[in-house]
Each structure stands twice: as C-alpha cells, then as structure tokens.
Trainee: 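Quick one: the structure is below, and I'll ask about it shortly.
A note on names: the letters A, B, ... follow the listed sequences, proteins ahead of strands, and every chain is numbered from 1. Computed from heavy atoms alone, side chains included, the values below leave out hydrogens, waters and symmetry copies.
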There are 2 protein chains.
Amino acid sequence: MGKQMTEMLKGTLEGIVLALLALGPAYGYEITARLRDQGFADIAEGTVYALLVRIEQRGLVDVEKVPSEKGPPRKVFTLNARGREALDEFWSSWGFLADRLAHLKEGQ
Amino acid sequence: MGKQMTEMLKGTLEGIVLALLALGPAYGYEITARLRDQGFADIAEGTVYALLVRIEQRGLVDVEKVPSEKGPPRKVFTLNARGREALDEFWSSWGFLADRLAHLKEGQ
DNA sequence: ACCGGTACATAGTAACGCTGAATAGTGGAT
DNA sequence: ATCCACTATTCAGCGTTACTATGTACCGGT
C-alpha cells in the first residue's frame, strides 16, 4: 500500500473497524474480508488482529469464542456501550477534520 | 490535544501544510498561526518545524532565508512542482478515504 | 500425504506527532 | 538597566500505530 495511505490510516482504521462492528458482531478474519470489500484491499491481517487486541484491552468490545466448521475457533467481537461511545467520539473527530479539509480544498 | 486527533493527523497534517503552502509562500511560525486560524488550535510548534524539515528534505518546497524586523531570520517555504504533485496525490488519497468513510457513516 | 482455504497471533521495524527544553533576536513596560 | 512578551527555529526522547514476515493450527478435497 502507498506510504501515504498507511500514515493516513493511523487513527482512522480503528474507527473504521468500530463502524464495521456497529453493523453487527464479527470475527477477525471476517473483518479483514469486509475491509477488502470496502476497498481497503491491502490491509494486512496482522494489522487487524493487533488492532482487535487493542480495542479488546480497552474494553470497547465483548468477546466470545465460537467454533467454526472450517478451521480454528473464531473470536467474535461485539461492540458494547463503551465501544459505541468511542465510535461517537471518532465520528466527532473525523467530522472536524473532514470539515477543515473540505474547507481547505475549496482553495481557502 | 486528544490522542484520537493526534493519531488522525498522522499523514494528513503534511497534506494540510502543503495545501496552506499552495495558497502562497510562508514561514514556519506563520504556518502554525494559520493552522490555529483554521481551527487546529493545539498543534505543537515543534511538530510543524519537524514536518517542514521533512518536506524540505524530500524536495517538495524551495527555501529562502529572509530577514525579519522583529526577530531571527525567517525560513520562507515555497511549494514547487514536486510539492504540487505531492499535494495532488494527497488529495487523491484523502478523497478515497473520505469517500469510504462517508459510505460507512451512512450505515453501510 | 499434501495443499489450499480458514483463523488467529506475534516479534521487529518505520513513520509521525507530541512533550519539553534550549537558543536567539526585537521591542515595550517597570 | 532589567524583565517580559513576542518572534523564530531546532532538537532529543517518547508513545502510538500500521506494515512485514513468520508461525501455529484446523479442516476438506484430491
């Protein structure tokens, strides 16, 4: 992936994943697949798993182990109240930034 | 500043500064002031100067020392052709990301 | 027995913005 | 004369994040 996008994803990738989880519970492998569908083709699996560990440790998600028919057991993540709060804060920060940049792009 | 915004600025702050320089040449101290005017109230001076060093080393700006009436000489930065190219790439990456996130915010 | 798809995990690295401080010149207030 | 505020730049050390590369493990089809 471009270095530019790599840097730009810092901080936003977490928000993106929280937003995906707001649509419904999901497990890591599934999230990487959804990211690919969303156009983030080159996000490494390892990146997603590391991110999920972080948001779990910060208590933004509830975790459940669910057996899979075709592989090791899945770790299903569900956004909880604190996670929804974090997602709201993310949208707020993002909104500010997007607003500023839209303003700048207009040529002032 | 919020940790969230700190992380989100990674990658975008450079684009913001390039966009400011696209409006006309400026020196470091002036850029931090413009950022404040634009609403980025809490961006550290040291951050801006470090960023300017980076974009100078990457050849995105031309630099000129200009004496100041009220202090040490100013380093005036002017966006050059490579800088405008980098700015275009930034807007392209930003556009992609903003588009994806707008899509996500709609609830899918 | 092997290979590909599913599923999770981690050690090491690079990049970036922040904190805090140092340096240095000018002008006005006390 | 001295102190303070404003102008202007620079640097060392830190924390966070995403990437690379690799390893583990389970399953079904050939």
Trainee: Ignoring backbone atoms, establish whether T47(A) has a side-chain N or O less than 4.0 Å from OP1 or OP2 of dC19(D).
Mentor: yes

Trainee: Once you round it to whole Å, what is the distance between C1' of dA15(C) and CD1 of I55(B)?
Mentor: 16 Å

Trainee: Would you please classify the geometry between the W94(B) ring and the W94(A) ring as parallel, tilted or perpendicular, with 30° and 60° separating the classes?
Mentor: parallel

Trainee: Measure from NZ on K65(B) to C1' on dT10(D) and round the result to the nearest Å.
Mentor: 10 Å

Trainee: Measure from the side chain of Y29(A), starting at C-beta and using heavy atoms only, and say which of dC8(C), dC16(C), dC19(D) lies closest.
Mentor: dC8(C)

Trainee: Taking for each residue the nucleotide of DNA chain C bearing the nearest heavy atom, is the 5' side occupied by P72(A) or by G46(A)?
Mentor: P72(A)

Trainee: Rounded to whole Å, please give me the gap between CZ in R74(A) and P in dC27(D).
Mentor: 13 Å

Trainee: Checking the side chain of R36(B) only, and the main-chain atoms of A41(B) only, is there a donor and an acceptor separated by less than 3.5 Å?
Mentor: yes

Trainee: Rounding to a whole Å, what distance do you find between Q4(B):CD and dT17(D):P?
Mentor: 10 Å

Trainee: Below 4.0 angstrom, N of the basic side chain to O of the carboxylate: do E7(A) and K3(A) qualify?
Mentor: no

Trainee: When you check the phosphate oxygens OP1 and OP2 of dA15(C), does a side-chain N or O of R54(B) lie under 4.0 Å from one of them?
Mentor: no

Trainee: Which is true for E45(B) with a 4.0 Å heavy-atom rule: it touches a base, it touches only sugar-phosphate, or it touches nothing?
Mentor: base

Trainee: Step by step, would you call F96(A) with F40(B) a ring-ring contact (aromatic ring centres under 6.0 Å, His included)?
Mentor: CA-CA 10 Å; F96(A) 170 79; F40(B) 300 100; 5.7 Å; yes

Trainee: Is K75(A) salt-bridged to E56(A), going by a charged N under 4.0 Å from an acidic O?
Mentor: yes

Trainee: Can you tell me the distance, in whole Å, between the CZ atom of R36(A) and the P atom of dA7(C)?
Mentor: 13 Å

Trainee: Quick one: which of dA18(D), dA7(C), dC18(C) gets closest to the side chain of S68(A)?
Mentor: dA7(C)

Trainee: Nearest nucleotide by nearest heavy atom, which residue falls closer to the 5' end of DNA chain D, P73(A) or E7(A)?
Mentor: E7(A)

Trainee: Tell whether K10(B) reaches the base of dT16(D) with its side chain through a donor-acceptor pair below 3.5 angstrom.
Mentor: yes

Trainee: In whole Å, what is the span from the CG atom of L51(B) to the C1' atom of dC18(C)?
Mentor: 13 Å

Trainee: Separation of Y49(A) atom OH from dG23(D) atom C1', in whole Å?
Mentor: 14 Å

Trainee: Which whole-number value in Å describes the distance from L13(A) CG to dC16(C) P?
Mentor: 17 Å

Trainee: When you get a sec, tell me which of dT9(D), dT16(D), dC8(C) is the closest nucleotide to the side chain of Y27(B)?
Mentor: dT9(D)

Trainee: Please tell me which of K70(A) and A50(A) maps to the more 5' nucleotide of DNA chain D, matching each residue to the nucleotide holding its nearest heavy atom.
Mentor: A50(A)

